[in-house]
There are 2 protein chains.
Amino acid sequence: MNNLNLGALIKDHRKKAGLTQLELANLAGVGKTTVFDIEKNKETVRLNNLFAVLRVLNIKIEFKSPLTK
Amino acid sequence: MNNLNLGALIKDHRKKAGLTQLELANLAGVGKTTVFDIEKNKETVRLNNLFAVLRVLNIKIEFKSPLTK
DNA sequence: TTAATTTTACCGCTATAACAGTAAAATAAT
DNA sequence: ATTATTTTACTGTTATAGCGGTAAAATTAA
């Protein structure tokens, strides 16, 4: 899905990992502004930056369609 | 997963939909270069552009982690 | 084969994401 | 309450994604 709550999902995972936005940003190798934007569901972020954040939080992406099922 | 074959997945769906890169780009409201880049697994594309392409092809995204399971 | 289509790969230009500061809200801790 | 921490929201600058145009490969159709 075009998950509009991706930001909330990431924030929740970050909190449970005991990380601040700045710590997550440093671990992911992105700027703090980018983490802030991602958690605010700003969809103009770049895919590589999102991937870097997801990797730190151990969140996997799956793509599904009628063809892949 | 940080699906490295997202490009191939999209290309496959596009082909099965009988669309050219240019047609898909127009339907998604992005430039042809963007579709080309996405199919080449260029991860610096912007999330909104990827979402627009996925929507046209009816591909859904899911995020999974030990916490969401 | 040849012709038509599509994909790949450039180009220059424009718009803006990403960045590190900074500072003010908001939240949490004492 | 006060203090410390974190988040939010700006800034100016820099790097580059995205764009249409073009043209050459590659692929497909005739």
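Just so it is clear, the values below take in all heavy atoms, side chains as well, and ignore hydrogens, waters and symmetry mates. In what follows, chains are A, B, ... by sequence order, proteins preceding strands, each numbered from 1.
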*Asks:* From CG of A:Leu50 over to P of C:dA18, roughly how many Å is that when rounded to an integer?
*Replies:*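 These atoms are roughly 10 Å apart.
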*Asks:* For a salt bridge (charged side-chain N to carboxylate O under 4.0 Å, His left out) check, start with the C-alpha distance between A:Glu62 and B:Lys60, then their side-chain angles and the critical distance, and finish with the verdict.
*Replies:* CA-CA 8 Å; A:Glu62 283 186 18; B:Lys60 315 286 184 190; over 6 Å; no
*Asks:* Between protein and nucleic acid, restricted to nucleotides 10-13 of chain C and to nitrogen or oxygen atoms under 3.5 Å apart, what atom pairs and distances do you find?
*Replies:*
none

*Asks:* Using a cut-off of less than 4.0 Å, is there contact between a side-chain N or O of A:Thr34 and OP1 or OP2 of C:dC19?
*Replies:*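 For C:dC19, OP1 or OP2 has a side-chain N or O of A:Thr34 closer than 4.0 Å.
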*Asks:* Can you tell me how far CG of A:Leu6 sits from NZ of A:Lys11, rounded to the nearest 0.5 angstrom?
*Replies:*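 Result: 13.5 Å between the selected atoms.
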*Asks:* Roughly, in whole Å, what's the span from CG in A:Asn26 to P in D:dT7?
*Replies:*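 Rounding to the nearest Å, CG of A:Asn26 and P of D:dT7 are 13 Å apart.
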*Asks:* With distance as the sole test, does A:Asn48 use its side chain to make a donor-acceptor pair with the main-chain N or O of B:Thr44 at under 3.5 Å?
*Replies:*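 A pair under 3.5 Å: no.
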*Asks:* Specify the separation, in whole Å, of atom CG of B:Leu22 and atom C1' of D:dG18.
*Replies:*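 Going from CG in B:Leu22 over to C1' in D:dG18 covers 15 Å.
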*Asks:* Between A:Glu23 and A:Thr20 (side chain of the first, backbone of the second, donor and acceptor by atom type, cut-off under 3.5 Å), is there such a pair?
*Replies:* yes
*Asks:* For a side chain to side chain contact (heavy atoms under 4.5 Å, CB included) with A:Leu27, tell me which candidate from A:Val35, A:Val56, A:Leu22, A:Val53 qualifies.
*Replies:* A:Val56
*Asks:* Please report, rounded to the nearest Å, how far the P atom of C:dA26 is from the CZ atom of A:Phe36.
*Replies:*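 About 13 Å, once rounded to whole Å.
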*Asks:* For A:Ile38 and C:dA17, give me the distance from atom CD1 to atom P, rounded to whole Å.
*Replies:* 13 Å
*Asks:* Taking only the side-chain nitrogens and oxygens of A:Arg46, find out if one of them lies under 4.0 Å from OP1 or OP2 of C:dC19.
*Replies:* no
*Asks:* Between B:Gly29 and A:Lys11, just flag the one whose closest nucleotide in DNA chain D comes earlier from the 5' side.
*Replies:*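 By nearest-heavy-atom nucleotide position, the 5'-most residue is A:Lys11.
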*Asks:* Would you please confirm or rule out a distance under 4.0 Å between OP1 or OP2 of C:dA17 and any side-chain N or O of A:Thr44?
*Replies:* yes
*Asks:* For D:dT7 and A:Lys15 - does any side-chain N or O of the residue sit under 4.0 Å from the phosphate oxygens OP1/OP2?
*Replies:* yes
*Asks:* Rounded off to whole Å, could you give me the CG-to-P distance for the B:Asp37 and D:dG18 pair?
*Replies:*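 Nearest whole value for this atom pair: 7 Å.
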*Asks:* Send over the distance from B:Asn48 CG to C:dA15 P, rounded to a whole Å.
*Replies:*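 Atom CG in B:Asn48 sits about 17 Å away from atom P in C:dA15.
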*Asks:* When the distance from CG of B:Leu47 to C1' of D:dT16 is rounded to whole Å, what number comes out?
*Replies:*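 My rounded result for the distance is 17 Å.
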*Asks:* Does the B:Arg14 side chain pair with the main chain of B:Leu19, one donor and one acceptor, at a distance under 3.5 Å?
*Replies:*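 At least one qualifying donor-acceptor pair exists.
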*Asks:* Can you give me the closest heavy-atom contact between A:Leu9 and B:Phe63, atom names plus distance?
*Replies:* CD2-CB, 3.6 Å
*Asks:* On the nucleotide D:dG18, are OP1 or OP2 found under 4.0 Å from the side-chain N or O atoms that B:Asn49 carries?
*Replies:*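 Yes, within the criterion.
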*Asks:* Please confirm whether the shortest side-chain N or O distance from B:Arg14 to OP1 or OP2 of C:dT7 is below 4.0 Å.
*Replies:* yes
